[in-house]
Each structure stands twice: as C-alpha cells, then as structure tokens.
Amino acid sequence: MSFVSVFFSWYTWAGLIAFPIIVLLNDIWTWSRMPKGPMPLPFLGNRLPKNKPWIQFQEWSKKYGPIYTIWVGRRPTIVLSDPEIAVDLMEKRSNKYSSRPRFVVMGEILGTGSVLVQPYGKDWSIRRKLLHRAMTPAALRTYKPRQEAESTRLAFQVLQKPSNWERSFDRFTASVVFSIAYGHRIDSVNAKIVRDRLEFMQFMASLNVPGAYLAEKFPILKYIPSSIAPWKKDIEEHARAETNSSLALVEGVRQDIRIGKEKGLVVAPSLTQGLLAVRDEEKILLPDKDFSVVPASLFGAGSDTTASTMCSAMLAFVTHPYVLDIAHAEMDVVVGTERTPTFDDETSLPYLRALCKEVLRWRPVAVLGGTPHASSEDDVYQGWRIPSGTTILGNSWAINLNEEYYPNPQYFNPARFLDEKDPRYQPELKGAKNHPAKKGHSSFGWGRRICPGAELAENSLFIALSKLVWSFDILPTREYDTFDYTDGFNIRPRPFDCQIRIRSEKHLVTLEKENIAANKYMELFPAFE
Ligand code: HEM
C-alpha cells in the first residue's frame, strides 16, 4: 500500500479524529471526579488571571469552596484555601504530595537545579540534606551574633538615611545570608554580587507566574530553537550567568581556605566551607555545578523573602500606629535605653514575637505558598479523585486571610498570637477554628517541602524588627493602600515613604556606641565588593 493510499484511507482519518476525542473523554472523566472549580475549555483549560492571581483564586474559593480545581491546559491544579485541608494533604499525606509540578520554563529550560523546583527524589534529597546541615539548632545559634551585629548596623543605617530604609533592609538580609553562605558580608546593595543575584531571582520569579509562558501549557514549545525564540534565548542566557556566578562563589571560598592555610589566617566560618568538607569526607557525589546551588539557594530563597516581610511590617506600622505604641512600651520595660535588644530578650518580648508572626500572616511574601507541590500517586480525598501529577497550590493569601481562623483578617493585630494569659490578648480575634500548624500560620509552606530556612528567617525578623522598634518612631506621612503590592512569585509593598525618627537622645547615644562594636564584629566577614 502506497503512502498516499494510507494517507487517504478511512482508518487513518478515523484515527486522527478518534484520538482527540479519546483524550477529551479521558479529560472529562478526570475532571468529573476532581473538586469542582471554574469551567475549563477542552485542551486549553481555564483563563487564568495575568496579574495577582492569588486575589482571583481567593474569589473563586468563595464560590467553589476551600478546595477546587483549575486547569492549566490539560493539567489539573488543586487550589487550597483552608489551612486544615493544606495540612491534611501536604503534611499528613506528605508521602504523596511532596513533589513539584513539571516546570517546563523555570525547571527544564532555565535548569539551574534550584532545590525549590526539583521533583521529590534522590537529587532533591541530597541537596536538601546538605542545606539542613546549615540549619541545625546548633548552627542557628552560631549565626545569631552575625544577625545581632547586622541588625544594629541596619538600625544605624536607617538612622543615617531614613528615606533609604527599603534598600537598607535588602542590604541587611543579603549580608546575613551571604555571611552564612560564603563568610563574606555585604556593605552595599550595589555590590556586584547582590545586583547579579537579585536579577537572577527576579527573573526566576517572573517565570513562575501562572499563564506567563505558553510553553508551560504546551511543553512542545521548549524544543523551538532559541535562535528563533527570543524568550527562550533570554532564559538560557540567564541560566548560564547564574551557574557561572554560583560556581565562582564556591571557588572564592576555596581560595579563602587556600590563602588562609598559606598565611596561617583564620577563615570566617561559612556554610560552603563546611559543606565542602562534608562532601569530601562523606564522598557525596555531587558535581560542582550542582553543589554550588546549595549555598546559592540561601540568597535566592532567603534574602528577598525576609526583606519583603520586613517591608510589610513597615506598612503595618504606618497603617496601624497603635501597634508600635504597644511594642515601644514593651521595649521600654524590658530593654530600656542603655542597650539595644538582643536574642537573650526574646522570651521577655512576647508582643514583638507575636508581631513577627502577624506580619508573616497578614502579608505572606510567598503569596501562593512558594513553589507549588505535586502529587506523585493517585489519591482520594473527601470522595474526590486526585490523580498522580496534580499540582497542589496552597494559596497562602486565602489561607492566611481565612476568616474562620482569623476574624477580621485584614486587620493587623499581633494580639492574635499572644498567649491567652497575656493581658494584651484579645479573645475576639480567636477564630472559630484553630490553625493546625504549631506556628499558627502557613507562610513557610508544608510537610517535607516546608521552608528549611524558616527558623533563620524568624530569627532575622525578630532581631531586625526589635532593633528598629527599639530605635524609632515610624509615622505615616499620607494615606496608604495596604493592597498596593508588587506582582510575581514573592510580593512586597510598592515603595512608600514614611517618617522615621530616633526615639530619644539616649537611644541615639546607645545606637551609635553599639554600631561601632557591630562594625568591629562584622570585620570577621570581609565585604564582597
Ligand atoms: C520570611 C522569610 C521566608 C519565607 C516566608 C519563606 C517561605 C517559603 C515557602 C512558602 C517555601 C515553599 C514551601 C513548600 O513548598 O511547602 C519555601 C521554600 C524554601 N525556602 Fe524559604 N522562606 C523564607 C526564608 C528562607 C530562608 C532564610 C532560606 C535559607 C535557607 C530559605 C530557603 C528555602 C528553600 C531552599 C526552599 C525550598 C525547599 C524545598 O523545595 O525543598 N527560605 N520558603
């Protein structure tokens, strides 16, 4: 039979027509057994919002309930808006819900091997275990002096240039993670390494917005040669630059160790230094390119997230001024004016601790729960069928602002997180339901993929906000829109001005004195230029 006759034969045509029908019937069957959501179009899925999808997702949760399905092309995504359900799936059934969806653009085309986007499995587990070595309680204790010194330097920089507060926050969080990762501090956000890293991060974040790239719906598009696909060429160039930069940072630490040995100098302890030793001792087979991702992920995942949360705290201060009054009163009693707060004060500053939790709840920086989870086995939940490979998106915006758990959720009030015996506790802020997580919020994610840097971030938040609250009055200069946030993977308030002034002459003298000691301490960690 010739090719032409096969082409025109009736069964070829029947096959061509039957195939999409079979696929469609299969999709309808899958759809009919999954939690109901907005009606998708065959093969195309749902029309997804281009901007701030978490708002639309929250709206849909009011119509379709706390668990519903949306379709990205033919791929189902379950959206969760209730913390209990999120825990049921991603924690109690973490053996089935700890993978990541296929990221055609951010994972396969960018391909920088970030822990964040790796599917559950051996490759992910090696990197994650290495990361955990840097986050043990003992390791976290050794970072505290750096965080204290850096937060004193932060308060002093804000004192010197109050209008530059947001940049100072970025410098602070960058310096904390870089000094931990590579043993080098950051004195300016204009340091090349910070500019480069911020660009990589913002770029990566822009790849993960649902609906941003057609290749996510139609993976075949990833095979288009980059010579005729400028969007792909751009992604590949970013990937090369990021990998080279991560490798150079590890090489820098190797060089520090070499020079230290030659000259008999003490090298500032760092995560990279420790992990290089572990890799050699335990003969962990991880090529340099993949190894370099581990320390690099500290900045990628930990700097902007922490700084953005601090920016949200500033927005909360200027829009809910009474909070600062209460925090100031607590500082005055516990710390006084002769010294600034330290980690030793933590247990005596419950309002400050509650304030940090409330910021994380009120404006979760990883607004869609960070990187989505994916199921790796078929499952049945509340009678619904959830097939293997389903994307699971914990909408932190909807979860953290869920009225059943947090009455009057848009109202910023740290008292929600105070102990019931605390006289400042307000019972009317207790929800009809109790949040199932020990932390009382879901801003660090869930289960086996929960943020490994949560405690480090909480420590940075606590000490930085404590020093800022201790030092300053932070006052509104106009009306603010508490929803005026950036778009993307992580969110932060759009830049805004406010009045920041030192609380008294005594505070000024103490801060100046402690800043000298803090600068001296941070000399242990030479600055990245
Ligand atoms: C306020 C600060 C931070 C917030 C709100 C935050 C939030 C999150 C969230 C929501 C996830 C996704 C969790 C999940 O999939 O269930 C995540 C993952 C991650 N975070 Fe954080 N994070 C913060 C700071 C940090 C810091 C300081 C580090 C540094 C070690 C870090 C490292 C990571 C890494 C490596 C992952 C990927 C984990 C994995 O996929 O296995 N984060 N974070």
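Order of appearance sets the numbers: ligands from 1, and atoms from 1 within every ligand. Not measured: the values here are computed from a predicted model.
The nearest non-hydrogen atom to atom 35 (C) of ligand 1, considering only L131, V367, L116, comes from L131. Of the listed options F444, Y120, W446, Y97, F444 places a heavy atom closest to atom 3 (C) of ligand 1. For atom 27 (C) of ligand 1, the nearest non-hydrogen atom from the set G369, G370, G302, S125 comes from G302. Evaluated by nearest non-hydrogen atom to atom 34 (C) of ligand 1, the leading choice among S460, S98, P452, G453 is P452. Comparing heavy-atom distances from atom 25 (C) of ligand 1 across S442, S297, A301, P119 singles out A301 as nearest. Of all the listed residues (G300, C451, P364), C451 holds the heavy atom that lies closest to atom 20 (N) of ligand 1.
Listed by atom number, the atoms of ligand 1 under 4.0 Å from W124 heavy atoms are 39 (C), 40 (O), 41 (O). Of all atoms in ligand 1, listed by their number and element, those nearer than 4.0 Å to a heavy atom of M135 are 30 (C). Of all atoms in ligand 1, listed by their number and element, those nearer than 4.0 Å to a heavy atom of T371 are 15 (O). Near T309, meaning under 4.0 Å from any of its heavy atoms, are these atoms of ligand 1: 1 (C). Per-residue contacts place A366 under 4.0 angstrom from the following atoms of ligand 1 (heavy atoms of the residue considered): 10 (C).
What sits closest to atom 23 (C) of ligand 1 on the protein, heavy atoms only, is T305 OG1, 3.5 Å. When only non-hydrogen protein atoms are considered, atom 13 (C) of ligand 1 lies nearest to R449 O, 3.2 Å. Scanning the protein heavy atoms around atom 38 (C) of ligand 1, the nearest turns out to be R128 NH1, 3.2 Å. Scanning the protein heavy atoms around atom 5 (C) of ligand 1, the nearest turns out to be V365 CG1, 3.3 Å. The protein non-hydrogen atom at the shortest distance from atom 15 (O) of ligand 1 is R100 NH1, 2.8 Å. Nearest protein heavy-atom contact of atom 16 (O) of ligand 1 is H373 NE2, 2.7 Å.
When non-hydrogen atoms are compared, ligand 1 lies under 4.0 Å from the backbone of S443 (N, CA, C, O) but not from its side chain. With a 4.0 Å heavy-atom cut-off, ligand 1 is reached by no atom of Q118.
Checked for salt-bridge contact, R353 and D419 miss the test: no charged N lies under 4.0 Å from a carboxylate O. The pair K467-E150 fails the salt-bridge criterion, with no side-chain N (NZ, NE, NH1 or NH2) lying under 4.0 Å from an Asp/Glu carboxylate O. Remark: E84 does not engage K433 in a salt bridge, criterion side-chain N to carboxylate O under 4.0 Å.
In summary, of the residues considered (F525, F172, F299), a ring pair (Phe, Tyr, Trp, His ring centres under 6.0 Å) with F178 occurs for F299 alone.
Ring pair H320/W362 is perpendicular by interplanar angle, where above 60° counts as perpendicular and below 30° as parallel. Note on ring orientation: taking the six-membered ring where Trp is involved, the planes of F417 and Y406 are tilted (angle from 30° to 60°). The aromatic rings of Y120 and W124 are tilted relative to each other, their planes meeting at an angle between 30° and 60°.
Open room surrounds CZ on R385; 12 or fewer heavy atoms of other groups in view lie less than 6.0 Å from it.
Within the 4.0 Å heavy-atom shell around ligand 1 one does not find R448.
Not less than 6.0 angstrom separates the ring centroid of W384 from the ring centroid of Y68.
Between D88 and Y381, the side chains place a donor N or O and an acceptor N or O closer than 3.5 Å (distance only, hydrogens not considered).
We find the NZ-SG distance between K439 and C356 to be 11.5 Å, quoted to the nearest 0.5 Å.
For R448 and Y97, the positive end is not near the middle of the six-membered ring at less than 6.0 Å and at most 45° from its axis.
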